[in-house]
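These notes concern the structure reproduced below.
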Amino acid sequence: MTAASTAAHPSLQIYNTLTKKKTPFEPVLPGKVGIYLCGPTVYAEAHIGHMVGPVIFDCIKRYLVYCGYDVTWVVNITDVDDKLIHKANERGLTMLEVAEENIADYNKNLAALGVDQIDQFPRATECMGDIIEFIESLVDQGYAYASEGDVYFDVGKDGEYGKLSNRSLDAMQGEGGGTADRKKNTADFALWKSAKPDEPSWDSPWGKGRPGWHIECSAMSKKILGETFDIHGGGLDLVFPHHENEIAQSECCHHKPMVKYWAHNGLLRKDNSAGKIGGKMSRSAGAGGLHELIDRQGGERIRFFLLRTHYRSTVLFSEPAIEEAAKGLESFYRLFKRYKRITGAEFYSLTAPTKRGAPSIDQGNDPTLTAAAEAKKKFLASMDDDFNTGGAIAELFELASLTNKYCDEADLEGKGAGDAASNAVLDLLMETIKELSNTLGLFLQPPAAAGGSDELLGQVMQLVIDLRADARQAKNFATADAIRDGLAPTGIVLEDRAGGTEWSGGNDGSLDGVMMMLIELRQTSRANKDFATGDAIRDRLKDLGVVLEDRAGGTEWTRG
RNA sequence: GGCGUCGUAGCCAAGUGGCUAAGGCAUCGGAUUGCAAAUCCGACAUCCCCGGUUCGAAUCCGGGCGACGCCUCCA
């Protein structure tokens with residue numbers, strides 16, 4: 001590893017918005033990486049679009065750590081802003097209360113999507129001293145000027161202004177907004193805004209006021225990551241004016257590059273599924289309800305859905321699209337269950353290498369391991385190429401497929417069961433899946449249990465499976481099929497295997513459907529004079545504390 | 001108007017100069033199963049159009065058509 005002294009993995013390339021090129025990744029300080037991602041303005045609940053950046057940067061950090069870097073990831077929270085003030089007034093709360101509420105919402109959403117790599121969440125209101133100091137430095141150096149209690153950045157003093165978003169000052173002859181008369185140039189932007197009566201404010205050399213939107217990021221990134229740091233991220237919609245203004249402030253202040261790699265994620269669009277392509281999502285257009293979406297779909301599905309596409313692409317978001325992605329995810333869950341059936345071991349408890357460069361698993365001459373090593377190589381090549389998670393996921397599917405094939409061919413659930421050599425190969429395959437999926441933040445924990453949290457459903461399902469096993473034993477396939485088909489409306493699926501029948505699917509509402517199926521089965525049994533089955537249903541339900549009552553209008557069930 | 005991005009199978013989506021154009025979903029065959037489900041095997045793309053560069057282009061260049069973003073708050 002000769003080049004490793006300056007770059008742990010010189011094969012890693014990152015696209016840079018500033019240069020519009022992919023370039024090899026070389027951190028400012030060998031072995032260390034600082035990442036700053038623009039977080040939310042917490043005036044309202046988040047929508048799914050707010051998760052694109054956190055999810056991809058969560059993967060980026062995981063991958064960089066895997067590659068051996070020591071990574072610090074910062075996400076700022078904008079908790080002072082016009083919209084927050086308005087919202088607070090509207091609701092009769094303080095700005096801080098509104099912020100706290102939405103920060104809690106944001107954090108819950110991050111946790112649900114498995115975003116847990118963020119090291120610091122600096123808040124604008126907690127860095128007032130740094131912000132004011134930064135503005136003073138710009139004023140002292142002549143890049144900013146005070147005007148009627150406001151302070152503006154003088155874009156005319158910055159010869160490089162517009163370089164990030166590739167626009168010239170001439171092209172920006174807007175009317176300058178409501179404060180145009182206080183500015184020298186309409187493109188000048190506020191570093192400090194004087195407070196109107198009753199607005200939250202902080203003391204400053206220019207009187208009571210609050211920071212403009214862009215300055216907090218310059219001040220906080222400098223404070224935590226330094227004057228030049230490695231990666232600055234955010235949505236593509238932030239390139240102008242937010243990041244353009246950040247780079248102007250920071251580079252005029254420090255006279256050195258602010259950031260080595262500007263990495264911007266693509267935006268989500270709503271899929272109207274009415275033939276028309278939907279527009280951009282935004283809270284001002286009523287987008288929201290991320291929490292409800294997570295409740296319905298689960299965080300890992302959403303994360304997987306987002307990672308299927310390269311982070312710089314636009315993604316058409318719709319719930320059916322998430323459900324389609326989920327079908328792919330299910331095949332991994334099934335493989336994990338299969339692994340447990342064969343070895344008794346839990347995929348989620350496996351120990352896998354956490355650092356890149358572990359010895360290849362292709363030690364012997366097992367063709368499956370050779371193919372798996374190749375898939376791993378391609379996975380890493382994809383991630384090295386500007387964090388191509390979509391290409392990487394394809395290799396995860398490849399590995400899953402190889403593993404299933406191996407289980408089939410070695411008949412690990414039949415004649416080949418218990419073969420130590422085969423199981424060792426299987427372990428290696430599963431550990432490889434674990435090692436790689438870890439860098440994507442996938443399959444870290446088992447997904448929420450089927451059937452929600454209702455213990456009774458599990459017990460009733462055991463009864464259902466026993467009844468069906470009896471019917472199959474007696475070659476009573478009509479009853480066996482009636483049971484399986486009768487469960488279909490509840491979303492529960494039965495799978496017959498050598499070791500017995502397994503069930504999966506369903507949700508909190510499934511229990512009632514299962515009970516209805518049992519009640520119906522009992523009635524048909526009795527109609528067919530099969531009193532043994534009918535009585536077995538009633539008696540075993542009774543053991544579970546469920547009472548059946550035959551009434552004129554039909555049978556009802558109640559929990560004991 | 002200015003600055004950008006994108007157009008790959010029914011759908012989603014990698015690949016950006018050179019083997020049979022990844023992978024997922026759906027569909028259709030086959031193995032397996034009492035029947036299913038799952039799993040495996042197999043089938044399924046003249047890469048928006050036209051022109052150019054090249055021995056060779058989905059990939060580079062020019063033109064067209066179409067979709068979208070930013071230029072105002074936005075992840």
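To find a chain, count down the sequence lines: A is the first, B the second, and so on, and within it residues start at 1.
Contact of Arg472(A) with G34(B) (side chain to base): a donor-acceptor pair of N or O atoms is detected under 3.5 Å. For Glu395(A) against G23(B), no side-chain N or O and base N or O form a donor-acceptor pair under 3.5 Å. With hydrogens and angles left out, the side chain of Asp481(A) and the base of G34(B) share a donor-acceptor pair within 3.5 Å. Counting distance only, with no hydrogens placed and no angle test, the side-chain atoms of Arg484(A) and the base atoms of A36(B) include a donor-acceptor pair under 3.5 Å. For Arg312(A) against G4(B), no side-chain N or O and base N or O form a donor-acceptor pair under 3.5 Å.
On the P atoms, C61(B) is 11 Å away from U5(B), given to the nearest whole Å. A31(B) and A36(B) are spaced 15 Å apart, taking the C1' atom of each and rounding to whole Å. Using C1' as the reference atom, G63(B) and C44(B) are 34 Å apart when rounded to the nearest Å. Across C50(B) and C55(B), the matching C1' atoms stand 23 Å from one another, rounded to whole Å. Distance check on atom C1': A21(B) versus U33(B) gives 36 Å, rounded to whole Å. Rounded to the nearest Å, the gap between the P atom of C41(B) and that of A9(B) is 25 Å. A distance of about 38 Å separates the P atoms of U54(B) and A43(B), rounded to the whole Å. For the P atoms, the distance from A45(B) to U20(B) is 15 Å, rounded to whole Å.
Among the heavy atoms of the strands, none lies under 4.0 Å from Leu335(A). Here Glu502(A) lies out of heavy-atom contact (under 4.0 Å) with every strand. Using a 4.0 Å heavy-atom criterion, one finds that Gly53(A) contacts no nucleic acid atom at all. Within 4.0 Å of Arg301(A), counting heavy atoms only, lies no atom of the nucleic acid at all. As judged by a 4.0 angstrom heavy-atom cut-off over every strand, Gly233(A) is placed among residues making no nucleic acid contact. Counting any heavy atom pair closer than 4.0 Å across all strands shown, Ser165(A) reaches sugar-phosphate atoms only and no base atom.
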In sequence, state the C-alpha distance, the side-chain angles, and the governing distance for His243(A) and His214(A), and then conclude on ring pair (Phe, Tyr, Trp, His ring centres under 6.0 Å).
CA-CA 8 Å; His243(A) 290 164; His214(A) 318 294; 9.3 Å; no
Could you walk me through whether Phe332(A) and Phe397(A) pass ring pair (Phe, Tyr, Trp, His ring centres under 6.0 Å), step by step?
CA-CA 8 Å; Phe332(A) 287 99; Phe397(A) 275 107; 4.9 Å; yes
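A stacked arrangement is assigned to Phe477(A) and the six-membered base ring of G34(B), with a centre-to-centre distance below 5.5 Å and an interplanar angle below 30°.
Listed candidates were C71(B), A75(B), C35(B). Nearest to the side chain of Phe240(A) is C71(B). Proximity note for Ala480(A) (side chain, C-beta onward) versus G34(B), A75(B), C73(B): the nearest is G34(B). Comparing A38(B), A14(B), C12(B) against the side chain of His310(A) picks out A14(B) as the nearest. Side chain of Arg167(A), nearest nucleotide from A38(B), C73(B), C71(B): C71(B). The side chain of Glu324(A) lies closest to C11(B) when the candidates are C11(B), A75(B), G15(B). In this structure, of C41(B), C3(B), A14(B), it is A14(B) that holds the atom nearest to the side chain of Ser313(A). The side chain of Asp496(A) has A36(B) as its nearest neighbour among C25(B), A36(B), C73(B). Checked against G34(B), C40(B), A75(B), the side chain of Leu267(A) finds its nearest nucleotide in A75(B). Comparing A37(B), U39(B), A67(B) by their nearest atom to the side chain of Arg269(A) picks out A67(B). Nearest to the side chain of Thr309(A), among C70(B), A13(B), C3(B), sits A13(B).
Rounded to whole angstrom, the span from the NZ atom of Lys327(A) across to the P atom of A37(B) amounts to 13 Å. When the P atom of C40(B) is taken as reference, atom CG of Asp411(A) falls 15 Å away, rounded to whole Å. To the nearest angstrom, C1' of A22(B) lies 15 Å from CZ of Arg308(A). The interatomic distance linking Lys21(A) (NZ) with U16(B) (P) rounds to 18 Å, in whole Å. The CG-P distance, from Leu236(A) to C3(B), rounds to 18 Å in whole Å. Here the P atom of nucleotide A13(B) and the CG atom of Leu396(A) are 19 Å apart, to the nearest Å. Between Leu164(A) atom CG and G4(B) atom P there is a gap of 13 Å when expressed in whole angstrom units. Between the CG atom of Leu402(A) and the C1' atom of C40(B) there is a distance of 12 Å, rounded to whole Å.
Tested against Asp385(A) for a side chain to side chain donor-acceptor pair (under 3.5 Å), the candidates Lys22(A), His310(A), Gln13(A) yield a single pass: Lys22(A). The salt bridge (Lys or Arg N to Asp or Glu O under 4.0 Å) test with Lys193(A) is passed by exactly one of Asp150(A), Asp82(A), Asp81(A): Asp82(A).
Side-chain contact between Pro241(A) and Phe189(A) is absent, with no heavy atoms from C-beta onward closer than 4.5 Å.
A cation-pi arrangement is absent between Arg182(A) and Tyr152(A) under the rule of less than 6.0 angstrom and at most 45 degrees off the ring axis.
Checking Arg341(A) against Thr314(A), the closest nucleotide of RNA chain B that is more toward the 5' end is the one next to Thr314(A). Where Cys38(A) and Glu409(A) meet RNA chain B, the nucleotide closest to each residue was compared, and Glu409(A) sits on the side nearer the 5' end.
Note that the CD1 atom of Ile60(A) and the CG atom of Leu12(A) stand 9.5 Å from one another [nearest 0.5 Å].
Checking Asn16(A) against Thr23(A) by side-chain atom types alone, no donor-acceptor pair falls below 3.5 Å. Side-chain polar atoms of Glu246(A) and His242(A) form a donor-acceptor pair below 3.5 angstrom. Looking only at atom types and distance, the side chain of Asn265(A) has no donor-acceptor partner in the side chain of Arg312(A) under 3.5 Å away.
The shortest distance between the side-chain N/O atoms of Ser504(A) and the OP1/OP2 oxygens of A37(B) is not below 4.0 Å. Side-chain N/O atoms of Arg334(A) include one lying less than 4.0 angstrom from OP1 or OP2 on U39(B). Of the side-chain N and O atoms in Asn265(A), none sit less than 4.0 angstrom from OP1 or OP2 of A75(B). The phosphate of A38(B) (OP1 or OP2) has no side-chain N or O of Asn404(A) nearer than 4.0 angstrom. Look at Lys20(A) and you won't find any side-chain N or O under 4.0 angstrom from OP1 or OP2 of G4(B).
Look at C70(B): its Watson-Crick or wobble partner, with both distances under 3.5 angstrom, is G2(B). Pair assignment for A26(B) gives none, since no Watson-Crick or G-U wobble pairing has each distance under 3.5 Å.
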